[in-house]
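Report on one structure; see the data block that follows.
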Amino acid sequence: MTPEQVELVQQSFAQVVPIADKAAEIFYGRLFEVAPSVKPLFSGDMAEQRRKLMATLAVVVAGLSDLPSVLPAASALAKRHVDYGAKPEHYPVVGDALLWTLARGLGPQWTPEVAAAWTAAYTTLSGFMIEQAYGGRQAAE
């Protein structure tokens, strides 16, 4: 990611923060619409899950300007997701739902540059998380 992309992600996320709970509702609604098979992976309190999603996004977005600072937490999160039943093929679906949600939440501020920045951020982090969670296991299977 370029410094300009990091700045675009951080600036646009700041616009989402005031509507964080609604954005998380929209995200999970979209995720379950396009991938109903993942809904059983979310058996807990969805209000708590929405809060965790937005808190995690806030930490990651803030840490993008120093990516190595968030990689240990991203690695741990990826490994926990394996225990929840997440699979590598879920990551692109989650990314699509996230970008779809951001496009709706940001409206006219969702420019091609902002979309490209978020795509780069998600691709970078999800690739790292997939490698951390499944890299060694895929070789063993």
Side-chain angles (χ1 to χ4, degrees), residues 1-139 141:
M1 291 185 67
T2 67
E4 294 79 16
Q5 287 177 317
V6 169
E7 188 174 330
L8 283 172
V9 169
Q10 291 173 336
Q11 288 174 347
S12 59
F13 187 71
Q15 295 173 300
V16 175
V17 170
I19 59 162
D21 193 55
K22 184 65 179 168
E25 279 183 37
I26 292 168
F27 167 78
Y28 283 110
R30 178 65 175 176
L31 180 62
F32 298 154
E33 177 186 328
V34 299
S37 64
V38 304
K39 193 168 187 177
L41 303 180
F42 297 90
S43 59
D45 177 2
M46 284 308 294
E48 178 66 12
Q49 183 63 38
R50 289 190 302 269
R51 187 196 64 71
K52 286 180 181 178
L53 168 71
M54 297 312 290
T56 300
L57 278 173
V59 168
V60 170
V61 167
L64 285 177
S65 48
D66 181 20
L67 196 55
S69 72
V70 296
L71 294 181
S75 176
L77 180 64
K79 291 170 185 170
R80 282 196 310 273
H81 277 84
V82 173
D83 294 336
Y84 302 146
K87 299 188 178 339
E89 60 267 23
H90 293 146
Y91 282 80
V93 177
V94 168
D96 289 345
L98 176 63
L99 297 176
W100 187 90
T101 300
L102 290 165
R104 269 122 201 100
L106 292 170
Q109 283 84 28
W110 184 253
T111 64
E113 295 79 19
V114 171
W118 273 97
T119 300
Y122 187 80
T123 302
T124 299
L125 283 165
S126 65
F128 172 79
M129 290 175 71
I130 290 167
E131 176 59 33
Q132 291 294 298
Y134 307 100
R137 294 178 194 204
Q138 286 179 331
E141 291 177 11

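- In this structure, Y28 and F32 have tilted ring planes: the angle between them lies in the 30° to 60° band.
- Considering only heavy atoms from C-beta on, H90 comes within 4.5 Å of L41 through its side chain.
- A distance of 7.5 Å separates OH of Y134 from NZ of K87, quoted to the nearest 0.5 Å.
- Between the OG1 atom in T123 and the CE atom in M1 there is a gap of 9.5 Å [rounded to 0.5 Å].
- When side chains are defined from C-beta on, L98 counts as touching L57, because their heavy atoms get closer than 4.5 Å.
- In terms of heavy atoms, L8 sits closest to E113 at CD1-O, 3.7 Å.
- The main-chain N or O of Y122 is never found under 3.5 Å from a side-chain atom of Y91 such that the two would form a donor-acceptor pair.
- In this structure the side chain of V94 reaches within 4.5 angstrom of the side chain of L31, judged on heavy atoms.
- Taking CG of L64 as the reference point, atom CD of Q10 lies at 6.0 Å (rounded to 0.5 Å).
- Side-chain contact between V93 and V38: absent, with no pair of heavy atoms (C-beta onward) separated by less than 4.5 Å.
- You'll find the side chain of M54 reaches within 4.5 Å of the side chain of V16, heavy atoms only.
- Counting all heavy atoms, side chain and backbone alike, Q15 lies closest to I19 at O-CG1, 4.4 Å.
- In this structure the side chain of F128 reaches within 4.5 angstrom of the side chain of S75, judged on heavy atoms.
- For A116 against Q5, the heavy-atom pair with the smallest separation is O-NE2, 3.8 Å.
- Shortest non-hydrogen contact noted between T124 and A120 is OG1-O, 2.8 Å.
- Rounded to the nearest 0.5 angstrom, E33 CD and R30 CZ are separated by 5.0 Å.
- Pairing each heavy atom of F13 with each of A58, the nearest pair is CE2-CA, 3.6 Å.
- Using a 4.5 Å cut-off on side-chain heavy atoms (C-beta onward), L67 and L125 make contact.
- More than 12 heavy atoms of other shown residues, nucleotides or ligands fall within 6.0 angstrom of atom CD in Q109.
- Taken from CZ in R50 to CD in E25, the straight-line distance is 4.5 Å, to the nearest 0.5 Å.
- Not a single donor-acceptor pair under 3.5 Å links the side chain of R51 to the backbone N or O of A47.
- Across all non-hydrogen atoms, the minimal contact from S69 to G63 is OG-O, 4.0 Å.
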